[in-house]
Amino acid sequence: MPDEPPAADLHVHTTASDGVLTVPELADAARDGGVDVVAVTDHDRVHPDLSAPVQTLDGVTVIRGIELRVDAGDQRLDLLGYGLEPTEGIETVTSRIQRDRKRRGAEIVSRVEDRLDVDLDVELKEGIGRPTIARAIEASDAPYDFEAAFAELIGDGRPCYVERWVPSFSAGADVLRESCAVVALAHPFRYADPESALERARELDAVERFYPYGGTSAEREDRALLDRVAADADLLVTGGSDAHDRTLGVTGPPSAEFEAFAARLPGV
């Protein structure tokens with residue numbers, strides 16, 4: 001595929017989950033990143049300050065979306081929904097997830113505080129995730145930065161890690177299909193078994209190809225597999241920065257791929 005600048009950033013997090021951008025900051029951040037279309041895909045939550053599946057904010061097109069973690073049996077996957085219209089199904093699932101996120105966040109914070117004998121300044125609100133706690137650890141008196149907090153304390157299998165509830169792949173995909181114009185598999189090369197993840201993508205509308213993975217030779221080989229699966233299953237290809245900070249436009253779909261995606265979302 002052509003090495004072109006991104007036409008959009010379709011994977012952005014805000015303060016509604018574990019990012020730092022607010023909705024009023026989106027337009028300036030998008031322009032700074034060289035894009036004029038962004039998708040807000042907060043973890044397991046529909047952004048409460050976005051009023052339509054697609055809207056224009058200060059000259060920038062903002063797509064309302066979501067990133068939903070699901071259990072595929074052999075591994076947990078992340079699904080991206082775009083052009084979201086709230087439904088009873090998505091409300092039921094996200095409400096249960098957010099209650100469990102707050103429970104889990106409180107337990108992780110308690111484990112970290114007990115282990116390190118520190119007080120963490122963390123608000124246990126909807127959208128709370130481990131990055132929020134990692135930033136609080138870094139800001140505390142504990143001798144850990146953000147990366148070390150994950151690597152040594154709260155990452156999967158680490159001493160302060162706590163599991164959380166997620167819906168099954170089929171249940172999550174169903175509620176996203178009911179509420180979203182496009183449903184995609186997020187970052188397939190971040191999973192323990194990318195090939196299995198890509199097989200599940202065949203059941204969706206799209207797969208995230210353009211992502212800041214790092215560009216190793218193994219990942220380039222994986223991209224060839226992704227391209228074959230996408231062609232065989234007639235999947236759209238999407239992408240974005242997965243920004244949790246203020247840096248947008250790092251990557252995303254080139255114009256041709258974006259136009260195919262946008263054709264599925266009225267108003268883009």
With sequence neighbours excluded, give me every ring pair (Phe, Tyr, Trp, His ring centres under 6.0 Å) pair touching [range].
{"range": "residues 47-102", "answer": "Tyr82-Phe261"}
{"range": "residues 224-248", "answer": "His13-His244, His43-His244"}
{"range": "residues 53-81", "answer": "none"}

Hey, quick one: are [X] and [Y] part of the same hydrophobic cluster, counting side-chain heavy atoms closer than 4.5 Å, chains of contacts allowed?
{"X": "Val229", "Y": "Phe210", "answer": "yes"}
{"X": "Phe258", "Y": "Val237", "answer": "no"}
{"X": "Val37", "Y": "Leu80", "answer": "yes"}
{"X": "Val250", "Y": "Leu248", "answer": "no"}

Test: [X] and [Y] ion pair at under 4.0 Å:
{"X": "Arg101", "Y": "Glu126", "value": "no"}
{"X": "Asp205", "Y": "Arg177", "value": "no"}
{"X": "Asp32", "Y": "Arg246", "value": "no"}
{"X": "Asp100", "Y": "Arg103", "value": "yes"}

List the atom of [X], the atom of [Y], and the distance in Å for their closest heavy-atom pair.
{"X": "Asp18", "Y": "Pro131", "value": "OD2-CG, 3.1 Å"}
{"X": "Ser196", "Y": "Asp74", "value": "OG-OD2, 2.6 Å"}
{"X": "Ala7", "Y": "Val35", "value": "C-CG1, 4.4 Å"}
{"X": "Ile97", "Y": "Pro167", "value": "CD1-CD, 3.9 Å"}

**Asked** Regarding Arg200 and the six-membered ring of Phe169, is the cationic atom NZ or CZ under 6.0 Å from the ring centre and inside 45° of its axis?
**Response** yes
Evaluate the side-chain proximity of [Y] to [X]: yes if any heavy-atom separation is below 4.5 Å, no if none is.
{"X": "Pro254", "Y": "Glu257", "result": "yes"}
{"X": "Val12", "Y": "Leu26", "result": "yes"}
{"X": "Val38", "Y": "Leu10", "result": "no"}
{"X": "Ile154", "Y": "Val112", "result": "yes"}
{"X": "Val62", "Y": "Val54", "result": "no"}
{"X": "Thr251", "Y": "Pro6", "result": "no"}
{"X": "Leu153", "Y": "Leu116", "result": "yes"}
{"X": "Leu57", "Y": "Leu50", "result": "yes"}

Does [X] use its side chain to pair, donor to acceptor, with the backbone of [Y] at less than 3.5 Å?
{"X": "Arg264", "Y": "Val182", "result": "no"}
{"X": "Asp42", "Y": "Thr14", "result": "yes"}
{"X": "Arg45", "Y": "Ala16", "result": "yes"}
{"X": "Glu113", "Y": "Ser110", "result": "no"}
{"X": "Tyr191", "Y": "Asp78", "result": "yes"}
{"X": "Thr87", "Y": "Ile90", "result": "yes"}
{"X": "Asp44", "Y": "Arg69", "result": "yes"}
{"X": "Glu85", "Y": "Pro53", "result": "no"}

**ring pair (Phe, Tyr, Trp, His ring centres under 6.0 Å) partners of Phe146, counting only residues at least two apart** = Phe150
Distance, nearest 0.5 Å, that separates [atom1] of [X] from [atom2] of [Y]:
{"X": "Arg64", "Y": "Ser51", "atom1": "CZ", "atom2": "OG", "value": "7.0 Å"}
{"X": "Ser255", "Y": "Glu4", "atom1": "OG", "atom2": "CD", "value": "4.5 Å"}
{"X": "Thr41", "Y": "Asp9", "atom1": "OG1", "atom2": "CG", "value": "8.5 Å"}
{"X": "Leu226", "Y": "Leu235", "atom1": "CG", "atom2": "CG", "value": "8.5 Å"}
{"X": "Ile137", "Y": "Glu152", "atom1": "CD1", "atom2": "CD", "value": "10.5 Å"}
{"X": "Arg104", "Y": "Ile133", "atom1": "CZ", "atom2": "CD1", "value": "7.5 Å"}

**Prompt:** Considering the options Leu84, Leu265, Val175, which one meets the side-chain contact (heavy atoms from CB on, under 4.5 Å) requirement together with Cys180?
**Reply:** Leu84
**Message:** I'd like to know whether CD of Glu195 has more than 12 heavy-atom contacts from other residues, nucleotides or ligands below 6.0 angstrom.
**Reply:** no
**Prompt:** How would you list all residue pairs meeting side-chain hydrogen bond (donor to acceptor under 3.5 Å, both in side chains) that involve residues 130-149, not counting sequence neighbours?
**Reply:** Arg130-Asp156
Could I get the full list of side-chain hydrogen bond (donor to acceptor under 3.5 Å, both in side chains) partners for [X], not counting sequence neighbours?
{"X": "Ser179", "value": "none"}
{"X": "Asp58", "value": "Arg31"}
{"X": "Arg99", "value": "none"}
{"X": "Ser168", "value": "Ser170"}

**Request:** Can you sort out the partners of Pro159 under side-chain contact (heavy atoms from CB on, under 4.5 Å), two or more places apart, ordered by chain and number?
**Result:** Arg115
**Fill in**
The side-chain contact (heavy atoms from CB on, under 4.5 Å) partners of Glu163 (sequence neighbours excluded) come to Arg76, Tyr161
**Message:** Between Ile63 and Val40, is the side chain to side chain contact (heavy atoms under 4.5 Å, CB included) condition met? List the steps.
**Reply:** CA-CA 6 Å; Ile63 299 167; Val40 172; over 6 Å; no
**side chain to side chain contact (heavy atoms under 4.5 Å, CB included) assessment of His187 paired with Glu67** = CA-CA 11 Å; His187 42 61; Glu67 183 172 9; 3.3 Å; yes
**Request:** Give the intermediate values and the outcome of side chain to side chain contact (heavy atoms under 4.5 Å, CB included) for residues Ser241 and His11.
**Result:** CA-CA 6 Å; Ser241 61; His11 194 159; 5.7 Å; no
**Prompt:** Listed by chain and number, what are the salt bridge (charged side-chain N to carboxylate O under 4.0 Å, His left out) partners of Glu88, not counting sequence neighbours?
**Reply:** none
**Message:** Run Ile66 and Thr94 through side chain to side chain contact (heavy atoms under 4.5 Å, CB included) and show every step you take.
**Reply:** CA-CA 10 Å; Ile66 191 169; Thr94 55; 3.7 Å; yes
